[in-house]
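Please read these numbers as outputs of a predicted model, since none were measured by experiment.
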Amino acid sequence: MSAAPELISPRSPRVSAARRLAKRNFRGKERLFLAEGPQAVREAAAHRAADAATLVELFATAEAAERYADIIGEARDVGARVHLADEAVIADISTTVTPQGLVGICRFLDTPFEEILAARPRLVAVLAHVRDPGNAGTVLRCADAAGAEAVVLTDASVDLYNPKSVRASVGSLFHLPVAVGVPVEQAVAGLKDAGVRILAADGAGDDDLDDELDKGTMGGPTAWVFGNEAWGLPEETRALADAVVRVPIHGKAESLNLATAAAVCLYASARAQRASGGCRSVTDS
């Protein structure tokens with residue numbers, strides 16, 4: 001490191017301000033959120049939005065500052081203020097049972113839905129009525145891994161910046177555009193106007209995912225709509241889709257959880273789009 005971080009007191013106003021970001025109303029007011037652990041902080045330090053660094057502040061224990069000296073250096077390079085703190089301070093700020101010694105404060109980074117549409121995305125995950133923050137973050141991670149260009153959280157879904165969502169995304173939050181608070185009707189209509197086929201994932205769907213793949217209907221731009229963990233998608237949302245698709249259950253399992261089903265669906269689209277004649281093959285060639 002080029003300079004030692006500043007030592008900070010547990011009674012510091014900065015610690016109190018960071019602690020309050022665990023609550024949604026404070027996050028919304030300040031447009032700031034917490035990113036915990038080395039992976040999330042590293043990705044935050046590398047991310048920029050609208051010519052401004054996303055990471056604005058970083059708290060680190062002495063041990064973490066030594067172990068992750070590269071991350072501390074990257075944080076300072078982007079202008080983040082770095083504070084050296086004891087484990088009690090980190091535990092006070094952190095929302096995890098076993099903190100990893102690094103907690104960053106980041107600017108909101110959601111993208112206007114209109115910008116996502118203007119980019120003509122080929123694979124999108126739409127989270128409609130998803131209430132569990134861990135599931136939301138995991139689906140975002142799956143979308144990132146499958147090569148999706150965007151994720152949309154509807155106004156009926158969980159807060160993107162809930163610490164559990166951020167943690168479950170394992171850094172993927174910083175990798176792809178995410179729109180928040182979009183009414184599901186607006187999301188579907190906008191994507192359809194952009195030439196994107198809408199598939200609703202539902203265990204009671206009329207269409208089988210394997211059949212869709214066999215018919216060769218999944219090679220074009222696609223948005224998958226995923227619903228609530230417990231009761232799936234309401235009928236009015238299902239009715240908006242071009243098709244309601246179920247993941248086939250070949251064994252004796254009663255069902256798949258949301259994140260697993262999302263991974264299967266997104267990777268099925270990714271494979272179809274990369275096959276001969278798929279939209280990625282045509283566009284990228």
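- Of the possible donor and acceptor atoms, one in the side chain of T222 sits under 3.5 Å from a partner among the backbone N and O of G220.
- The two residues I93 and L34 have their closest heavy-atom pair at O-CD1, 3.8 Å.
- Between R131 and N228 there is a side-chain heavy-atom pair separated by less than 4.5 Å.
- A donor atom on one side chain and an acceptor atom on the other are not found under 3.5 Å apart for T61 and E87.
- In K23, the NZ atom is not crowded: 12 or fewer heavy atoms of neighbouring residues, nucleotides or ligands sit closer than 6.0 Å.
- Closest approach of A35 to V166, counting heavy atoms only: CA-CG1, 4.2 Å.
- For the residue pair N135 and T138, no side-chain donor N or O sits within less than 3.5 Å of a side-chain acceptor on the partner.
- Within the model, atoms CG of L199 and CE of M218 stand 6.0 Å from one another, a figure rounded to the nearest 0.5 Å.
- A 4.5 Å side-chain heavy-atom check between L123 and Q273 finds at least one atom pair inside the cut-off.
- Taking the six-membered ring where the residue is Trp, F108 and Y161 present parallel rings, their angle staying beneath 30° rather than reaching 60°.
- Scanning all heavy atoms of the two residues, the minimum distance from F174 to A40 falls at CE1-O, 3.6 Å.
- Side-chain N or O atoms of K192 include none that pairs as donor or acceptor with a backbone N or O of A187 at under 3.5 Å.
- Taking each heavy atom of A18 and F59 in turn, the nearest pair found is CB-CE1, 3.9 Å.
- Side-chain atoms of P177 and E149, non-hydrogen and from C-beta on, never get closer than 4.5 Å to each other.
- Side chains of S269 and R122: no donor on one and acceptor on the other come within 3.5 Å.
- A 6.0 Å sphere centred on CZ of R67 holds no more than 12 heavy atoms belonging to other residues, nucleotides or ligands.
- Shown here for V82 and A75, the closest heavy-atom pair between the two residues is CG2-CB, 4.2 Å.
- For the pair F226 and A125, the tightest heavy-atom approach, listed with the atom from each and the gap, is CE1-CB, 4.0 Å.
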For N162 and R27, what are the C-alpha separation, side-chain angles and deciding distance, and is it a side chain to side chain contact (heavy atoms under 4.5 Å, CB included)?
CA-CA 9 Å; N162 182 296; R27 291 195 295 271; 4.2 Å; yes
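- With salt bridges taken as basic N to acidic carboxylate O contacts below 4.0 Å, none links D202 and R246.
- Salt bridge status for E212 with R197: present, with a side-chain N to carboxylate O gap under 4.0 Å.
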